[in-house]
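Since we're looking at a predicted model, the values are computed, not measured. All values below were derived from every heavy atom in this structure, side-chain atoms included, with hydrogens, water molecules and symmetry-related copies excluded.
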Amino acid sequence: MIEFSENVASLQPSATMAVSTRVKQLIAQGRDILDLCVGEPDFPTPAFVAEAGVRAIQQGRTRYTPAPGVPDLRAAIAQELQRYAGEGQEIGAHGVVVTAGAKQALFNACFCLFGPGDRVIIPVPYWTTYPALVELARAEPVYVKGSVENDFKVTPAELDRVYDGRVRGLMLNSPSNPSGAVYSHEELRAIAEWAKERKVWILSDEIYRRIYFKGQLAPGLLDLPPELTERSVVIDGASKAFAMTGWRIGFTYTSRELAEKMSALQSQMTSNAATPSQYAALAAYRADESQLQVVEEMRRTFERRRDLLVSEFGEKLPEVSYLRPEGAFYFWFNFRALAREDESSIAFCERLLNEAGVGLVPGAAFGDDDFVRMSFAYDDRTLREAVTRLARLAQPVG
């Protein structure tokens with residue numbers, strides 16, 4: 001048996017990827033399975049973006065770039081952030097580091113900011129990768145759960161319950177994966193003020209910011225005054241909004257000093273993100289209003305699918321409670337009304353997969369064993385059929 005280093009001894013594969021792999025194996029065996037596991041837009045990359053990537057290859061743009069990214073792309077991202085930033089925010093390309101997806105952006109930030117003895121607050125439910133990244137940095141995840149009445153969004157009072165002098169960071173995710181909850185401007189300000197007083201770094205994962213159902217763009221950390229965002233890292237990317245998951249383009253925006261350190265770390269790990277992908281992303285971040293219509297159409301489709309699921313659950317599963325998502329493309333529902341006695345979310349999802357042919361991700365992977373996650377990045381027929389199969393499986397408790 002190999003004796004692994006302490007760096008990875010307790011490391012486990014991504015829970016969502018593990019479930020998806022199991023589902024795909026069953027499909028390959030010929031099983032009738034509806035796979036609603038992975039959070040990936042079911043749309044093609046917009047043509048103008050894909051064509052820019054192809055042109056980059058044809059023009060020989062296949063060599064190394066600077067580790068933090070092509071200068072034009074960093075500038076375009078900075079301009080995009082500046083367009084929506086709050087009063088007083090001055091966004092410069094020097095604060096942008098382009099990464100191989102938002103996951104690497106998060107890793108860079110955790111590895112540069114946290115270490116042994118540090119504690120990082122992670123609200124529940126959380127994206128499955130957050131605790132793993134904190135632990136890879138040899139820091140300690142600390143979990144806090146907001147009230148269900150507030151869609152599990154945390155407040156400064158709840159953060160104070162777990163705060164001590166060792167807390168160095170706070171992971172925020174809005175719109176949330178898995179719940180679809182969105183923090184308001186007022187809620188973000190209150191948390192930022194709390195963090196500023198305690199010198200806590202905020203890592204704000206805003207990868208779903210463009211997939212918002214109350215406007216074009218969900219509230220973000222850079223909407224706030226600059227004095228509240230001095231100790232912050234904004235994480236975003238092209239994967240979700242531009243349907244570019246496989247292109248692997250994410251980025252961080254932070255202070256020049258931290259950006260330079262993350263760039264240095266990345267130069268020793270992966271160097272630059274794939275060069276053709278960067279030029280494809282450049283087209284995305286330079287898109288004009290007419291080109292962005294395809295992005296708006298995707299957003300509207302996700303909103304319509306959200307409404308479809310609300311209707312389907314109301315009609316076929318009225319006993320099941322859920323959070324009505326304001327963004328992203330996940331339906332986070334409490335499965336207890338459908339569960340057998342003492343059935344865990346993992347056992348429920350396994351039974352659902354075997355007996356009804358529906359693949360969902362257990363809430364235990366996100367820190368809450370009373371819920372499961374259904375992605376609605378799928379067509380209407382698939383979503384309707386999935387809810388129908390759930391209703392057939394229903395065995396109300398009591």
Side-chain angles (χ1 to χ4, degrees), residues 14-27 29 31-39 42 124-128 145-153 176-181 302 304-326 328-398:
S14 163
T16 50
M17 291 300 180
V19 173
S20 179
T21 298
R22 162 84 169 133
V23 169
K24 286 178 171 54
Q25 288 172 344
L26 293 176
I27 293 173
Q29 294 169 11
R31 292 279 302 276
D32 174 23
I33 304 291
L34 301 179
D35 179 4
L36 282 74
C37 295
V38 176
D42 58 323
V124 178
Y126 48 76
W127 183 43
T128 60
K145 190 173 185 178
S147 67
V148 67
E149 293 79 15
N150 196 36
D151 291 347
F152 296 127
K153 292 180 290 183
S176 165
N177 173 8
S179 72
F302 286 130
R304 181 181 54 74
R305 290 173 179 172
R306 185 276 309 270
D307 294 342
L308 171 65
L309 280 179
V310 168
S311 175
E312 288 288 299
F313 268 71
E315 177 186 343
K316 299 173 183 175
L317 293 166
E319 71 277 21
V320 174
S321 62
Y322 57 85
L323 272 70
R324 189 173 188 270
E326 293 184 359
F329 38 73
Y330 304 108
F331 207 74
W332 182 242
F333 66 91
N334 189 313
F335 72 95
R336 289 296 168 192
L338 312 178
R340 293 173 177 168
E341 186 175 359
D342 297 326
E343 191 171 35
S344 70
S345 61
I346 295 173
F348 173 77
C349 286
E350 185 68 22
R351 181 164 64 90
L352 180 65
L353 185 59
N354 292 329
E355 296 181 15
V358 178
L360 304 181
V361 184
F366 307 98
D368 192 330
D369 202 33
D370 288 326
F371 284 73
V372 296
R373 189 192 79 174
M374 172 188 289
S375 169
F376 53 88
Y378 298 90
D379 63 80
D380 293 10
R381 185 200 64 80
T382 299
L383 296 175
R384 285 195 181 95
E385 177 62 17
V387 178
T388 297
R389 294 186 187 189
L390 267 170
R392 288 189 197 131
L393 189 76
Q395 296 183 26
V397 175

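- Contact of the Leu383 side chain with the Phe331 side chain is not registered, since no non-hydrogen atoms from C-beta on lie closer than 4.5 Å.
- The two atoms that bring Lys145 and Val124 nearest to each other are CG-O, 3.8 Å, heavy atoms only.
- Side chain of Arg324 to main chain of Val310: no donor-acceptor pair is present (N/O by atom type, distance under 3.5 Å, no hydrogens or angles).
- Between Arg22 and Asp35 there is no salt bridge, since no side-chain nitrogen of the basic residue lies less than 4.0 Å from a carboxylate oxygen of the acidic one.
- The minimum heavy-atom distance between Cys37 and Leu360, with the atom names listed, is SG-N, 3.9 Å.
- Within the 4.5 Å cutoff, no side-chain heavy atoms of Pro178 are placed close to those of Val361.
- Shown here for Phe371 and Asn334, the closest heavy-atom pair between the two residues is CD2-N, 3.4 Å.
- One N or O on the side chain of Arg389 and one on the backbone of Ala356 form a donor-acceptor pair closer than 3.5 Å.
- The structure places CD of Glu350 at 10.0 Å from OG of Ser344, a figure rounded to the nearest 0.5 Å.
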Problem set entry | Stepwise side chain to side chain contact (heavy atoms under 4.5 Å, CB included) test for Glu319 and Leu317 | CA-CA 5 Å; Glu319 71 277 21; Leu317 293 166; 4.0 Å; yes
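- Each of Tyr322, Phe366, Phe376 was scored for a ring pair (Phe, Tyr, Trp, His ring centres under 6.0 Å) with Trp332, with one residue passing: Phe366.
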For this session: Applying side chain to side chain contact (heavy atoms under 4.5 Å, CB included), run through Leu352 and Phe335 and close with a yes or a no.
Result: CA-CA 11 Å; Leu352 180 65; Phe335 72 95; over 6 Å; no
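- Closest heavy-atom contact between Ile346 and Asp369: N-OD1, 4.3 Å.
- Taking both residues in full, the closest heavy atoms of Arg306 and Pro325 are given as NH1-O, 2.5 Å, listed atom of the first, atom of the second, then distance.
- How far CG of Leu393 is from CZ of Phe348: 5.5 Å, rounded to the nearest 0.5 Å.
- Interatomic distance, Arg384 CZ to Leu309 CG, rounded to the nearest 0.5 Å: 10.0 Å.
- Side-chain atoms of Ser311 never come within 3.5 Å of backbone atoms of Asp307 as a donor-acceptor pair (strictly under, hydrogens ignored).
- The backbone N or O of Glu343 lies less than 3.5 Å from a partner atom in the side chain of Arg336, making a donor-acceptor pair.
- Side-chain N or O atoms of Arg305 include one that pairs as donor or acceptor with a backbone N or O of Tyr378 at under 3.5 Å.
- In this structure, the side chains of Phe333 and Leu390 come closer than 4.5 Å at one or more pairs of heavy atoms.
- Taken to the nearest 0.5 Å, the CZ atom of Arg373 stands 11.0 Å off from the OG atom of Ser179.
- Taken to the nearest 0.5 Å, the CD1 atom of Ile33 stands 12.0 Å off from the NZ atom of Lys24.
- Taking every heavy atom of both residues into account, Asn354 and Arg31 meet most closely at O-NH2, 3.3 Å.
- Residues Thr382 and Asp379 have side chains that bring a donor and an acceptor to within less than 3.5 angstrom of each other.
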